[in-house]
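Read through the structure below, which is laid out as structure tokens, and then see the notes.
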Amino acid sequence: MSNVSETPEVRVRFCPSPTGTPHVGLIRTALFNWAFARHVGGKVVFRVEDTDAARDSEESYESLLEALRWLGLDWDEGPEVGGPHEPYRQSLRRSVHEDIAKRLFAADELYESFSTNDEVEARRRAAGQDPKLGYDNFDRDLTDEQKAAFRADGREPVLRLRMPDSDITWTDLVRGEITFKAGSTPDPVMVRANGVPLYPFVNPVDDALMGITHVLRGEDLLPSTPRQIGLYQALQRIGVTGFTPEFGHLPTVTGDGNKKLSKRDPQSNLFHYRDLGFLPEGLLNYLALLGWSIAEDNDIFSVEEMYAAFDIAKVSSNPARFDLKKAEAINGTHLRALPVEQFTSAALPYLAADGVLPAEPSAEQVAQLAAIAPLVQERLALLSEASDMVRFLFAAEESFTPEPASAAKALGPDAEPVLRAAIDSLQALDEWTTEAIQDALKTSLVDGLGLKPKKAFAPVRVAVTGRTVSPPLYESMELLGKDRSIGRLLRALGAA
RNA sequence: GGCGUGUUCGUCCAGUGGUCAGGACGUCGGAUUCUCACUCCGGAAACACGGGUUCGACUCCCGUACGCGCUGCCA
């Protein structure tokens, strides 16, 4: 304990492998790592574990970067920003790994193992044991003669880690003390016979080399921690690192069942939520709630507030189910809290994607959008819902048709006198304002025809906006303009 | 099978020996209202089970049940 005075800076890492699209569980892990580091002013290392040639892809790598950028989760070292431990793409670190493996082998921390799976299984059975117990450490003390005999047979050895013969215990940052009994983890393969180092080797080695102090990862990795610690101890003995990091195992994010949200499940795709119209801050807020809470009586917070308050020790150890409804509600409150200009520009790409507006709207369209934005902002939970709300405003008159379901509800034969009266009173207006429209409609329909407001306005609403659900009617009509509004009423009348 | 881990309203999170067990989403009812939404008010809704320890357990211990994860020369 001579070095106690030096308090190493906190360094966490986010080390996904680029297979498929970014998973919300993965992002939750990234978020917690990020918040943990930011809370204490530590560093975030982003390392890409692209050593599975069969499954990794460049597109997937790009989408990982895109996902983190979209969410605003930044990193201090890694792709595109560099850092003192380059390279940060694991596939480029092969020679480093081979060198460490060589040193570990020279120190007898790694040993040559020739056993085939069949042989291991046969020995387990012969001993009356369950073959599922795995490797039996048979090759630990092979003599040179035995090894030579295997080689003479044409067999090439894998390299296995000599696991410690003692219990392995650590204090998990989220779960407390965890112990695995000595002998419960068979000596794991670290390097293939063909010389390719494997994930269980390369991941801890890179963590050690990069000075990672805290490993926060999914609960599914918990059973692999003993071999990780075993490797770390060996690495310390040969002087590659001076310490073993702290571990914290985050609860699983589950889907509708209580099983881990599958990579295949569309619900697990981060971009699915962006497409639905989640705001980065809304999604992040919800993700933060999966295993953590900022306070007993508050669920709504910004990323800044999150990392300011984040405490890994307060993370729950229960699996958390992804609840879309709650996520939407959280997003809705972030959406409503946005300054209207920001809401408008956030909604624009969705409107363009739905063909409601061109990608480059005209000045007039921009003005119209700005005018209606405050009316729709408070009735959305997701940006993708904006299209149906405002489509009527931007639709060309020739192509405008009320939605069939809404028309069936409100534009039946009963609607005829209502529409007629509405048209008459509106045509008489010389001033086209919300107030004037409201007065005209109220006097002609409610007072004049003696209808209940609900009955009176439904046909007008559907005729003008095309839907039974719309932004406020009078304001909508004012924005639409007198000619277009009355034109739509006339056409509805013709169809009624 | 073995090892590990988990178990508070339908869901997520609080609660760390004495609370009418709290909040949020959802749900139900109501108010407001031109629809929807927002907002507001109110209701229903949980400590897996069994033993201990204790004057007293949701809280501590043990066991059972059930869930989940891992058990690869994938990552």
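Residue numbers begin at 1 in each chain, while the letters A, B, ... track the order of the sequences.
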When you compare [N] with [M], how far apart are their [atom1] atoms, in angstrom units rounded to a whole number?
N: B:G63; M: B:C3; atom1: P; value: 13 Å
N: B:C58; M: B:C20; atom1: C1'; value: 15 Å
N: B:C68; M: B:U11; atom1: P; value: 14 Å
N: B:C34; M: B:A44; atom1: C1'; value: 33 Å
N: B:U53; M: B:G15; atom1: P; value: 28 Å
N: B:U54; M: B:C41; atom1: C1'; value: 43 Å
N: B:C28; M: B:G22; atom1: P; value: 22 Å
N: B:U32; M: B:C47; atom1: P; value: 37 Å

Could you work out which one of [options] sits closest to the side chain of [X]?
X: A:Ala320; options: B:C12, B:G6, B:C34; value: B:C12
X: A:Glu219; options: B:U35, B:U5, B:A14; value: B:U5
X: A:Glu296; options: B:A14, B:G23, B:U11; value: B:A14
X: A:Lys259; options: B:G69, B:C3, B:C34; value: B:G69
X: A:Asn318; options: B:U5, B:U39, B:C13; value: B:C13
X: A:Lys260; options: B:G69, B:A37, B:C12; value: B:G69
X: A:Asp297; options: B:A37, B:A14, B:G23; value: B:G23

### Query
Ignoring hydrogens and angles, are the base of B:C34 and the side chain of A:Arg461 linked by a donor-acceptor pair under 3.5 Å?
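Such a pair is found, so the answer is yes.
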### Message
Judged by each residue's nearest nucleotide on RNA chain B, which is more toward the 5′ side, A:Leu290 or A:Glu378?
### Response
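Looking at RNA chain B, the more 5' nearest nucleotide goes with A:Leu290.
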#### Entry: Nearest-nucleotide 5' precedence on RNA chain B, A:Ala458 against A:Lys181
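By nearest-heavy-atom nucleotide position, the 5'-most residue is A:Lys181.
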Look through every strand shown and name the nucleotide pairing with [N] as Watson-Crick or G-U wobble, where both distances are under 3.5 Å.
N: B:A14; answer: none
N: B:C3; answer: B:G69
N: B:U53; answer: none
N: B:U64; answer: B:A48
N: B:G42; answer: B:C28

### Query
side chain to side chain donor-acceptor pair (under 3.5 Å) with A:Arg461: which of A:Ser406, A:Ser476, A:Ser470?
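Testing each of A:Ser406, A:Ser476, A:Ser470 against A:Arg461, the sole residue satisfying side chain to side chain donor-acceptor pair (under 3.5 Å) is A:Ser470.
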NA contact type, [X], heavy-atom cut-off 4.0 Å: base, sugar-phosphate, or nothing?
X: A:Phe180; result: sugar-phosphate
X: A:Pro251; result: nothing
X: A:Glu475; result: base
X: A:Ile330; result: nothing
X: A:Asn258; result: sugar-phosphate
X: A:Thr252; result: nothing
X: A:Gly332; result: nothing
X: A:Lys314; result: sugar-phosphate

Atom [atom1] of [X] to atom [atom2] of [N]: distance rounded to whole Å?
X: A:Ile294; N: B:C25; atom1: CD1; atom2: C1'; value: 18 Å
X: A:Leu383; N: B:A37; atom1: CG; atom2: P; value: 18 Å
X: A:Leu222; N: B:G69; atom1: CG; atom2: P; value: 14 Å
X: A:Leu261; N: B:U11; atom1: CG; atom2: C1'; value: 15 Å
X: A:Arg321; N: B:U11; atom1: CZ; atom2: P; value: 6 Å
X: A:Arg379; N: B:C34; atom1: CZ; atom2: C1'; value: 11 Å
X: A:Lys454; N: B:U33; atom1: NZ; atom2: C1'; value: 9 Å
X: A:Asn331; N: B:C38; atom1: CG; atom2: P; value: 13 Å

Ionic contact status for [Y] with [X], cut-off 4.0 Å:
X: A:Glu98; Y: A:Lys102; result: no
X: A:Asp256; Y: A:Arg321; result: no
X: A:Glu58; Y: A:Arg89; result: yes
X: A:Asp136; Y: A:Arg124; result: no
X: A:Asp439; Y: A:Lys442; result: no
X: A:Asp206; Y: A:Arg93; result: yes
X: A:Arg123; Y: A:Glu121; result: no
X: A:Glu378; Y: A:Arg336; result: no

Sub-3.5 Å pairs of nitrogen or oxygen atoms, protein against nucleotides 71-75 of chain B:
from, atom 1, to, atom 2, distance (Å)
B:U71, O2', A:Lys132, O, 3.2
B:C74, OP1, A:Arg192, NH2, 3.2
B:C74, OP2, A:Arg192, NE, 2.7
B:C74, OP2, A:Arg192, NH2, 2.0
B:C74, O2', A:Asp52, OD2, 2.5
B:C74, O2, A:Arg55, NH2, 2.9
B:A75, OP2, A:Tyr199, N, 3.0
B:A75, O3', A:Glu49, O, 3.3
B:A75, O2', A:Ser17, OG, 2.8

### Query
Does A:Asn33 offer a backbone N or O that forms a donor-acceptor pair with the side chain of A:Arg13 under 3.5 Å?
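Here the side-chain-to-backbone pair does not exist.
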### Query
For the residue pair A:Tyr273 and A:Phe322, does the interplanar ring angle fall in the parallel (under 30°), tilted (30 to 60°) or perpendicular (over 60°) class?
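Because their plane-to-plane angle lies in the 30° to 60° range, the rings of A:Tyr273 and A:Phe322 count as tilted.
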### Query
Reckon A:Ser316 has a side-chain N or O less than 4.0 Å from the OP1 or OP2 of B:C13?
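Answer yes for this pair, as a side-chain N or O of A:Ser316 is under 4.0 Å from OP1 or OP2.
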